[in-house]
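Each chain gets a letter, A, B and so on, in the order the sequences are listed, and its residues count up from 1. Heavy-atom basis, side chains included; hydrogens, waters and symmetry copies ignored.
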Amino acid sequence: MAVALSHSYHYCHNSITPIKLSEKRLDDSRPRSSKQIPSCRRKPENSIEKRRDLSLTQALQNHIHSGQMRDALEIFEKINSSETFIWNLMIRGFADNGLFLHAIDFYHRMEREGIQADNFTYPFVTKACGASLSMAEGQKIHGKLFKVGLGSDVCVFNSLVSMYAKLGCMECAGKVFDEMPVKDLVSWNSLVSGYAAIGDGRNSLACLLDLQAFGMKPDRFSMIGALKACSVECFIQSGREVHCQVLKCGFESDLMVQTSLLDMYSKCGRVNYAERLFHDISQKNIVVWNAMIGGYVLNSQPLKSFACLKRMQEEDNLSPDVVSIINFLPACAQLGAFLDGKSAHGYAIRIVPHVVLETSLIDFYGAFGKPKLAEYIFGHMEEKSLVTWNSMIAAYAQNEQNKEALDLFQELLTKPLQPDAITIASILPAYSEAASLKEGKQIHGYISKSEHHSNTYILNSLVYMYAKCGEVETAREIFDRILVRDVSSWNSVIMAHAIHGFGRKSIELFSEMRDEGIKPNYITFVSLLTSCSTSGLVDKGWELFNSMKKDYDIDPGIEHYGCILDIIGRTGDLDRAKNFVEEMPLAPTGRIWGSLLTASRNHRNIEFAEFAAQHIFDLEHDNTGCYVLLSNLYAEAERWGDVERIKSLMKQRGLEKTVGWSLVENTTSCKPHRFINQDKSHVQTNMIYDVLSILSRKIAEEKNVRGMTEFRPLDSPANHGVRLAICFGLISTKVGSPVLVRKNTRICEDCHSAVKKISKITKREIVVGEPKVFHHFVNGNCSCGDYW
DNA sequence: ATAGGGTTAG
């Protein structure tokens with residue numbers, strides 16, 4: 001309890017130091033029977049005492065009102081009263097000042113000291129239970145009510161309904177409601193806002209209709225609850241109907257109703273309606289301003305959000321509060337205004353600690369590619385919510401810090417917080433990029449056992465993850481078992497086949513998708529065009545590219561241009577590729593020039609490669625892969641001077657060639673091993689090299705001829721890690737099953753042609769996964785069509 | 001001295 005009490009200070013808006021309420025109780029050796037114990041507290045006996053108490057009570061109330069609960073407590077102890085009223089004041093004081101656990105604790109103290117709780121006590125303490133999410137406490141108090149004969153007080157019951165609603169248990173709230181001997185409008189309103197709060201707009205609106213069917217007239221609270229229901233579900237039509245009712249009932253000049261209307265319209269994507277309402281509000285408080293600032297952000301109008309924050313200060317002389325900042329930060333992210341966000345951070349620093357604000361800052365720094373700054377905030381937070389963890393995981397995952405994301409997720413699993421659907425959806429991309437197949441299967445198992453096992457959003461990510469981890473068949477199986485498939489499900493399964501070079505399958509899936517009446521979107525075409533480029537479906541690729549705008553009204557984006565450029569590159573028409581880049585309506589990115597570079601390498605054109613590489617270096621001068629690729633090209637042309645020049649350039653810029661490794665994923669042996677080139681560290685090295693030498697003899701490759709083409713001349717491709725891994729895979733996986741090897745770099749040409757032969761000799765399918773694409777070697781052929 | 005309301009993070 002001591003720990004729990006210290007937690008409650010984050011809700012505290014005043015500056016009291018921890019009250020050790022529990023100490024007294026811990027030393028308390030009195031019996032804990034449910035029987036009433038007569039109170040040993042004093043009662044005022046004469047008029048002087050009564051007058052003294054009255055003025056002390058007044059002081060007590062003043063302290064409570066100004067949030068000085070420490071001072072209030074001091075006076076409370078001085079009064080030493082057995083009057084329920086005084087105790088009620090204290091419990092209400094704690095609850096109103098955000099010290100919910102203190103409020104509950106005080107109620108227990110009251111019980112122990114034999115002070116009778118009354119119909120006022122219960123609403124205060126149930127409010128505290130709801131706000132502190134203390135379900136167990138709430139249920140205990142619920143049970144107690146009947147024993148003290150308050151089983152028919154409508155106010156007490158209403159407070160119970162709203163407590164269960166706050167705890168998110170609308171079944172419990174509904175049950176209490178059903179059992180109420182007398183129901184009033186407040187009871188109904190509690191249901192309306194309760195359902196809205198858990199995101200169940202349908203039931204909320206149903207309650208609004210029901211209460212009217214029972215002959216009650218909705219009031220402003222009913223309207224506010226119903227508008228929340230419309231906004232959480234984006235029910236614009238119902239929202240308009242509620243708006244009409246607001247006008248009919250004459251609530252249109254109620255500021256809270258106006259705010260709710262404004263928020264409803266902006267959440268439903270009708271920011272111009274929100275704006276119109278906003279302009280018509282003559283007396284704007286900070287809440288209305290904040291709602292408008294947030295409304296612009298929600299509707300991607302960050303400039304207006306900026307202007308609104310400024311006007312709020314100038315026109316109404318209001319200082320931004322914590323909500324203003326929380327709403328404003330995403331506007332900075334949308335606008336790319338890093339400095340404005342940073343100064344908002346500086347302004348807000350005085351409000352910290354504040355969980356929501358700090359979480360927003362993590363999102364902000366995550367969005368600006370500054371995971372280190374996000375990490376700093378995360379590391380210095382006093383209290384973290386699940387949302388905080390989710391934001392930090394996402395900040396890592398969005399910035400290619402996949403290992404960090406995975407580690408943080410593992411750490412979260414050791415905490416009492418239960419990951420939710422957002423957590424899983426945020427972590428799965430990191431699994432896709434950085435996890436082994438085995439780890440992927442573990443998270444799959446975790447999801448299957450969790451309540452999220454049939455969440456479409458999560459399963460979509462899982463489909464993609466399996467493909468990225470090497471098992472496209474499993475990806476397909478999961479897709480087949482998704483109960484409600486949305487456009488992303490189809491995008492995922494199409495992309496799954498795309499990265500494995502099964503382009504025709506992707507095209508088939510696309511037509512199945514259309515048969516099911518699912519409309520393709522921007523991403524669908526990225527997946528489809530990726531398929532066409534990895535599988536060499538040149539004509540199909542152009543056909544799809546041209547139909548995007550024509551048949552689906554989707555403007556091609558930079559990703560689509562990249563795929564088409566890959567397709568042109570495959571054909572070897574480098575002039576056309578270059579022209580395509582120059583005539584593109586969008587600014588070329590590193591990925592675009594990378595595509596031209598790949599094409600130049602594949603067609604051995606040093607001039608084009610240099611041209612492309614120069615552009616890449618202009619954009620990102622730390623692109624290690626680009627240096628290595630260029631150097632390999634020079635080596636192949638025996639331009640050793642240029643090889644040296646690139647080498648020293650890299651050294652000068654502090655860049656090191658990535659150490660390539662290859663890992664067998666589906667071995668039956670328990671220890672995974674990363675093979676580097678010329679690796680001799682595995683315990684079974686001798687056997688692996690024996691197998692390799694048999695295979696090398698069989699494929700009769702000419703050693704040392706192509707070996708000179710590598711970055712390091714001594715690095716003979718005959719002993720490259722991928723071959724060692726494959727040999728290890730051949731002896732440590734089930735006979736007849738595919739050998740799955742994953743690499744952190746692209747496979748070299750020598751190995752590619754060697755692996756094709758190995759697949760034929762051994763009659764085994766060999767799957768080699770690179771960061772972007774998988775090669776399926778079957779019977780001497782590769783799914784990439786020898787272009788990658 | 002009485003419960004029910006609006007703005008906020010993924």
Which nucleotide sits closest to the side chain of [X]: [options]?
X: A/Phe124; options: B/dT2, B/dT8, B/dG10; value: B/dT2
X: A/Phe85; options: B/dG10, B/dA1, B/dT7; value: B/dA1
X: A/Ile422; options: B/dG10, B/dT7, B/dA9; value: B/dG10
X: A/Asn290; options: B/dT7, B/dG10, B/dA9; value: B/dT7

Please check if any side-chain donor atom of [X] sits under 3.5 Å from a side-chain acceptor atom of [Y], or the reverse.
X: A/Tyr457; Y: A/His452; answer: no
X: A/Ser391; Y: A/Asp363; answer: yes
X: A/Asn158; Y: A/Ser187; answer: yes
X: A/Asn390; Y: A/Thr423; answer: yes

In terms of the angle between their ring planes, are A/Phe94 and A/Phe106 parallel, tilted or perpendicular, with boundaries placed at 30° and 60°? tilted
Using the six-membered ring wherever Trp is involved, compare the ring planes of A/Tyr265 and A/Tyr273 and label them parallel, tilted or perpendicular (cut-offs 30° and 60°).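 Ring orientation, 0 to 90° scale: parallel.
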Tell me if the CD atom of A/Glu451 is crowded by more than 12 foreign heavy atoms within 6.0 Å. no
With sugar-phosphate meaning primed atoms plus P, OP1 and OP2, does [X] contact a base, only sugar-phosphate, or nothing at under 4.0 Å between heavy atoms?
X: A/Asn119; value: nothing
X: A/Gln61; value: sugar-phosphate
X: A/Asp321; value: nothing
X: A/Thr388; value: nothing
X: A/Asp263; value: sugar-phosphate
X: A/Val192; value: nothing

Do any of residues 224-234 of chain A sit with a heavy atom less than 4.0 Å from DNA chain B, and if so which?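 Residues of residues 224-234 of chain A under 4.0 Å from DNA chain B: A/Ile224, A/Lys228.
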How far apart are the C-alpha atoms of A/Thr57 and A/Gln61, what are their side-chain angles, what is the distance that settles it, and do they pass the side-chain contact (heavy atoms from CB on, under 4.5 Å) test? CA-CA 6 Å; A/Thr57 306; A/Gln61 282 177 276; 3.9 Å; yes
Rounded to whole Å, how long is the line connecting atom [atom1] of [X] with atom [atom2] of [N]?
X: A/Leu185; N: B/dT2; atom1: CG; atom2: P; answer: 19 Å
X: A/Ile86; N: B/dA1; atom1: CD1; atom2: P; answer: 11 Å
X: A/Leu298; N: B/dA9; atom1: CG; atom2: C1'; answer: 13 Å
X: A/Ile91; N: B/dA1; atom1: CD1; atom2: P; answer: 17 Å
X: A/Phe328; N: B/dT8; atom1: CZ; atom2: C1'; answer: 15 Å

Verdict with reasoning, A/Glu275 to A/Lys304, per side-chain contact (heavy atoms from CB on, under 4.5 Å): CA-CA 10 Å; A/Glu275 208 169 34; A/Lys304 289 198 170 180; 3.0 Å; yes
Stems involving DNA chain B, each a run of at least 3 consecutive Watson-Crick or G-U pairs under 3.5 Å: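 Listed by first number, the stems come to none.
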Any A/Lys267 side-chain nitrogen or oxygen under 4.0 Å from OP1 or OP2 of B/dG6: no
Does A/Lys342 make a cation-pi contact with A/Phe368 (under 6.0 Å, within 45 degrees of the axis)? no
